[in-house]
Structures are given as structure tokens and as C-alpha cells.
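What follows is a set of notes on a single structure, which appears directly below.
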Amino acid sequence: MQKDSSMENLDSISKPDNENTLGETDCEICGGIGWVRQDLPISHPDFGRMQVCECRQTKVAQLSQERLFRLSNLQAFSHMTLDNFKTEGRLGLGDQQVSSLQVAHNQASHFSQNPIGWLLLMGTYGCGKTHLAAAIANKVLELGIPTLFLTVPDLLDWLRYSYGAQGASYEERFEEIRNIRLLVLDDLGTQNTTPWAEEKLYQILNHRYTHHLPTVITTNQELIEIEGRIRSRLHDPDLVTIVRILAPDFRSPVRDERRTISTLELLSDSTFGTFTLRDTEKLSPEQHRSLEAAFDAANKFADDPHGWLVLVGTYGCGKTHLAAAIGNYRLAFGEEPIFVVVPDFLDHLRATFNPASNTSYDHLFEQVRAAPILILDDLGTQSATPWAREKLYQIFNYRYNAKLPTVITTANDLSDMDPRIRSRMLDTRLCSMHLILAPAYIRSADNTSRARKRN
């Protein structure tokens with residue numbers, strides 16, 4: 001009889017003496033004891049070893065499953081399954097957000113059926129990462145595979161408390177976490193990042209990386225924010241599958257989920273068709289050329305939004321019109337560009353700190369930071385407080401590293417900007433900058449300059 005690896009701790013199940021504690025009827029093979037010695041040659045590794053009788057195998061399997069469940073730390077997550085995960089999210093989500101939930105669900109289902117490699121689930125708070133991670137753990141546990149589900153802060157607390165504690169020693173717990181068949185780590189990045197915590201996490205994940213042990217990780221951080229040694233392992237495409245969930249916090253009220261900070265709808269008449277090149281105005285050849293160059297660059301970006309486009313010019317020269325035209329053009333393709341006036345966005349962020357606010361700071365900040373296409377209007381007109389500079393830098397740095405399509409308009413001289421932001425805007429590998437030399441355009445009843453239609 002082959003010993004099942006999922007029953008490796010059968011010795012912890014008390015062997016009955018004269019009574020059948022598991023309730024079996026008398027068995028012709030074991031006499032109701034539940035244990036037998038097989039007739040094996042002395043050279044056999046199981047010679048003389050007690051084996052579970054066939055009459056007890058179902059009960060032993062049940063006890064083994066219960067032991068694995070207690071070990072897994074999944075008691076509070078037993079209701080989270082792949083079947084009850086809502087792939088459509090809440091009403092009002094965009095197509096990309098719903099699609100990201102469906103992709104995440106499909107990847108989780110595949111991993112639960114064949115737990116090989118690592119699965120990294122990324123997204124904001126409440127988007128469904130924990131549900132999918134727990135659902136994977138519950139499904140894998142049903143297959144009899146030893147599984148451990150822990151939030152990262154709990155894992156570190158578990159290790160700390162094991163020092164000098166009765167029962168399992170620190171070494172035993174540490175080895176159990178490192179070598180468990182499936183480890184699910186929830187909320188990577190929320191732990192207190194002490195040197196000790198970073199080292200313990202690295203030791204665990206490096207061991208599992210080296211031995212290719214199945215691991216599921218969830219995080220609301222970006223890879224660039226994760227400790228470098230761990231980040232390098234998460235970047236390995238041969239082992240790690242990265243899934244990004246774009247949906248917002250499912251636990252927030254519906255009105256908050258559907259709310260967007262974008263003001264693009266207020267500029268719905270700003271299109272390439274309504275933009276004028278001001279041919280009838282007395283502009284210098286250089287001013288005309290700069291306007292045409294900006295118009296052509298905006299057209300090109302709208303057709304294929306890659307990298308960054310920066311439009312620089314005085315107030316009213318047309319840069320906001322072109323930026324909004326890009327947004328409206330992509331909107332017609334079913335995309336969801338975010339258009340924000342920088343000072344207004346920062347005011348909205350500050351307002352979320354009010355206890356009466358119906359919108360969370362995280363939701364609003366993430367909506368802008370991770371927008372598929374972001375249009376930042378009037379950069380440089382905001383109050384240059386340290387807090388404002390830091391928030392803007394976080395957005396710019398994230399989008400710079402992720403190479404997300406971004407349109408920026410500003411009337412400021414670049415030398416007046418935060419040098420961290422300026423250095424990214426001056427990177428010609430990513431950013432195309434166009435200076436509009438034309439003066440402010442003043443509409444009047446007599447000014448009927450023809451709009452140049454988009455080719």
C-alpha cells in the first residue's frame with residue numbers, strides 16, 4: 001500500500017487500543033482496530049510499519065483534510081470561491097475594468113487546477129485580489145495539497161511571536177512557511193518595512209523562487225515600490241504570471257465606484273474638427289509653424305497613443321483644446337481617458353481627507369495614476385507645497401516607469417518645475433515636446449476663422 005504524501009502526519013492520529021474510536025464496524029482485515037501490517041519482504045522500506053486499513057481510509061482522509069484546513073489559516077475566507085467571484089464587478093465599470101476582472105478570474109481558475117509557478121495579483125484596495133487568492137487556496141486545499149494563507153503582516157507577527165513561545169519553535173514555523181506546498185501571501189507591501197521584516201520576506205520568497213514552489217501573492221503596490229531583491233524575482237516571466245486588476249474598490253458605494261474625476265465631458269466640443277489653425281490671423285510664419293506642428297503631433301498621438309506628449313504655450317494658445325481633442329478622439333474608440341486640471345485634481349485629493357468625503361483618497365489617486373490615458377492640463381499652476389510636489393512626482397514617476405500614455409499641457413517654463421518631474425519630461429526616448437508660439441486666441445463675433453478638419 002503506497003503511503004499518500006497528503007497524510008504525512010498520520011502518526012499524530014492516535015491508534016486505538018481495544019475500541020474503535022472512529023466508529024468503524026468490525027473489519028475482517030483489521031478486526032476493527034483500523035491498522036494493519038502488510039506482509040512485505042524484510043528489505044521493503046515499509047516492512048513492519050503499521051498501515052491504515054481500508055476500512056479507515058475515508059475517515060483518515062477526512063481527518064487529514066480537516067488538519068490541512070486548520071493549518072491553512074483559511075477559516076475566515078472559506079466563503080470565497082471562484083464560483084461566487086463577480087467577474088462583472090459593480091454596475092458602471094468600464095470595458096477594460098470588467099475585462100481585467102475576467103482575465104484575473106481565468107488565471108486564478110487555471111492556477112487552482114494546476115498550481116505551478118507564481119501568480120502575482122495587482123490592483124487597488126478592494127478590487128478582488130484577496131477573494132481570488134483565497135479562492136485558489138480553498139480549491140487547492142480540496143485537492144489535499146498543504147496550503148498556507150497569510151497576510152504578510154500576520155506572517156511576520158507569527159514569526160515574531162514564535163520566539164520563546166511554547167509549541168512550535170521559530171525554526172519549525174519558518175521552515176513550514178518556506179516549504180509549504182502552496183503559499184498564499186496577501187497584501188505584500190502593507191507590512192512594517194523594518195530591515196528584519198525585509199530580510200525574513202526575502203529569505204522565504206528566495207527559497208520558494210529557487211525551488212520553484214507554487215506561490216500566490218497579492219499587492220496594491222507597483223513593482224517599482226517593492227524591495228529590490230523581491231522585485232527582481234517577481235520580474236521573472238518564466239516563473240511569475242502577473243495579473244493587473246483595473247477595477248476600483250468593490251466595497252465602496254456604487255455612486256463612488258462610478259464617479260470619475262475626469263472633466264473631459266465639459267470639453268466635448270473640443271475636437272480636431274473644431275480646432276482652428278488661425279490662418280486668417282496675422283501670425284508670424286514661426287507662430288503658424290509651431291501651431292501646425294502641435295496640431296500634427298496631437299493628431300499622431302491620438303491615432304497611436306504611446307509615450308508622453310507635452311504641449312507648452314501661453315494661456316489660450318490652443319494647447320488645452322488639442323489635449324481635450326486627443327481625449328475625445330480616444331473616447332470614441334470606447335477608451336476611458338482621464339482629463340484633469342492639475343490644481344483641481346490636487347484640491348479633490350485634499351478634500352478626501354475630510355471625514356464626510358464619499359470618495360477615498362486611494363480610489364481618486366489610483367484613478368489618475370494608473371489611467372490608461374492621462375491628460376494633465378495646466379501643470380505648474382498648482383500651489384507648489386511640498387505635499388503637492390510629492391503627489392505629482394509619485395504620479396509622474398509611476399507613469400514614467402510604466403510608460404503609460406500621458407498628455408501634459410503647461411504655460412510654465414520647465415526650469416520652474418520640480419527637477420524630478422522636469423528630468424522625466426526631458427527624456428526624449430519617451431517624451432515629445434512642442435512649444436506653441438502663437439498668442440492667446442480670442443473668440444469674437446467677427447472672428448470666424450475656419451476650423452481645419454482632421455485628415
Ion pair present between [X] and [Y], side-chain N to carboxylate O less than 4.0 angstrom?
{"X": "Arg173", "Y": "Glu176", "result": "no"}
{"X": "Arg244", "Y": "Glu222", "result": "yes"}
{"X": "Arg420", "Y": "Glu390", "result": "yes"}

Might you point out which heavy atoms bring [X] and [Y] nearest each other, and give the distance in Å?
{"X": "Ala370", "Y": "Tyr398", "value": "CA-CE2, 3.8 Å"}
{"X": "Pro405", "Y": "Pro305", "value": "CG-O, 3.2 Å"}
{"X": "Ser112", "Y": "Val140", "value": "O-CG2, 3.7 Å"}
{"X": "Leu132", "Y": "Ala104", "value": "CD1-CB, 3.6 Å"}
{"X": "Pro337", "Y": "Leu264", "value": "CG-CD2, 4.0 Å"}
{"X": "Lys129", "Y": "Cys127", "value": "CG-SG, 3.3 Å"}

Donor-acceptor under 3.5 Å ([X] side chain, [Y] main chain):
{"X": "Asn84", "Y": "His79", "result": "yes"}
{"X": "Thr219", "Y": "Asp187", "result": "no"}
{"X": "Thr274", "Y": "Asp269", "result": "yes"}
{"X": "Asn206", "Y": "Tyr202", "result": "no"}
{"X": "Thr406", "Y": "Leu404", "result": "yes"}
{"X": "Arg208", "Y": "Ile180", "result": "yes"}
{"X": "Thr271", "Y": "Ala325", "result": "no"}

Does any donor atom in the side chain of [X] or [Y] lie under 3.5 Å from an acceptor atom in the other side chain?
{"X": "Thr81", "Y": "Asp83", "value": "no"}
{"X": "His434", "Y": "Ser432", "value": "yes"}
{"X": "Tyr329", "Y": "Asn299", "value": "no"}
{"X": "His211", "Y": "Asn179", "value": "no"}
{"X": "Thr409", "Y": "Asp377", "value": "yes"}
{"X": "Thr151", "Y": "Asp154", "value": "yes"}
{"X": "Tyr315", "Y": "Asp378", "value": "no"}

Are the side chains of [Y] and [X] in contact, using a 4.5 Å heavy-atom criterion?
{"X": "Thr218", "Y": "Leu185", "value": "no"}
{"X": "Leu426", "Y": "Met433", "value": "yes"}
{"X": "Leu120", "Y": "Val243", "value": "no"}
{"X": "Pro115", "Y": "Ile145", "value": "yes"}
{"X": "Leu349", "Y": "Phe345", "value": "yes"}
{"X": "Ile338", "Y": "Gln367", "value": "yes"}
{"X": "Asp186", "Y": "Leu150", "value": "no"}
{"X": "Leu414", "Y": "Met425", "value": "yes"}

As an exercise, state the distance from [atom1] of [X] to [atom2] of [Y], rounded to the nearest 0.5 Å.
{"X": "Lys300", "Y": "Ile326", "atom1": "NZ", "atom2": "CD1", "value": "12.5 Å"}
{"X": "Arg389", "Y": "Leu346", "atom1": "CZ", "atom2": "CG", "value": "12.0 Å"}
{"X": "Glu265", "Y": "Leu331", "atom1": "CD", "atom2": "CG", "value": "10.0 Å"}
{"X": "Thr410", "Y": "Leu311", "atom1": "OG1", "atom2": "CG", "value": "10.5 Å"}
{"X": "Phe272", "Y": "Asp296", "atom1": "CZ", "atom2": "CG", "value": "10.0 Å"}
{"X": "His212", "Y": "Thr215", "atom1": "NE2", "atom2": "OG1", "value": "10.5 Å"}

**Study point:** Test log, rule side chain to side chain contact (heavy atoms under 4.5 Å, CB included), inputs Trp118 and Asp236
**Key:** CA-CA 10 Å; Trp118 288 18; Asp236 185 349; over 6 Å; no

Exercise for review: Give me the one residue out of Leu374, Leu376, Val368 that meets side chain to side chain contact (heavy atoms under 4.5 Å, CB included) with Arg399.
Suggested key: Leu374

Review point. Which of these passes side chain to side chain contact (heavy atoms under 4.5 Å, CB included) with Leu183: Ile177, Val216, Leu213, Ile217?
Key: Ile177

**Study point:** Working for side-chain hydrogen bond (donor to acceptor under 3.5 Å, both in side chains), residues Asn397 and Arg424
**Key:** CA-CA 8 Å; Asn397 188 55; Arg424 285 152 179 77; 3.0 Å; yes

Review point. Would you call the rings of His321 and Phe275 parallel, tilted or perpendicular if under 30° counts as parallel and over 60° as perpendicular?
Key: perpendicular

Exercise for review: Give me the ring orientation class for Phe85 and His105: parallel if the planes are under 30° apart, tilted from 30 to 60°, perpendicular past 60°.
Suggested key: parallel

Exercise for review: Indicate, with yes or no, if the rings of Phe396 and Trp308 have centres closer together than 6.0 Å.
Suggested key: yes

Exercise for review: Determine, step by step, whether Ile436 and Thr314 satisfy the side chain to side chain contact (heavy atoms under 4.5 Å, CB included) criterion, reporting the C-alpha distance in whole Å, the side-chain angles of both residues, the deciding distance to 0.1 Å, and the verdict.
Suggested key: CA-CA 8 Å; Ile436 300 176; Thr314 190; over 6 Å; no

For [X], does the [atom1] atom have more than 12 heavy-atom neighbours from other residues, nucleotides or ligands under 6.0 Å away?
{"X": "Lys391", "atom1": "NZ", "answer": "yes"}
{"X": "Glu199", "atom1": "CD", "answer": "yes"}
{"X": "His110", "atom1": "NE2", "answer": "no"}

Review point. Which is it for Met417 and Asn412 under the side chain to side chain contact (heavy atoms under 4.5 Å, CB included) test, yes or no, and what are the steps along the way?
Key: CA-CA 8 Å; Met417 291 187 180; Asn412 281 35; 4.3 Å; yes

**Study point:** Partners passing salt bridge (Lys or Arg N to Asp or Glu O under 4.0 Å) against Arg233 (at least two apart in sequence or in another chain)
**Key:**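 Not a single residue meets the salt bridge (Lys or Arg N to Asp or Glu O under 4.0 Å) criterion with Arg233.
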
Check your understanding: What residues, two or more places apart in sequence or in another chain, satisfy salt bridge (Lys or Arg N to Asp or Glu O under 4.0 Å) together with Asp347?
Key -> Arg350

Practice item. Determine, step by step, whether Ile242 and Met122 satisfy the side chain to side chain contact (heavy atoms under 4.5 Å, CB included) criterion, reporting the C-alpha distance in whole Å, the side-chain angles of both residues, the deciding distance to 0.1 Å, and the verdict. Key: CA-CA 7 Å; Ile242 299 177; Met122 304 177 68; 3.6 Å; yes

Exercise for review: Measure from NZ or CZ of Arg330 to the centre of the six-membered ring of Phe333, then state whether that distance is under 6.0 Å and the direction lies within 45° of the axis.
Suggested key: yes

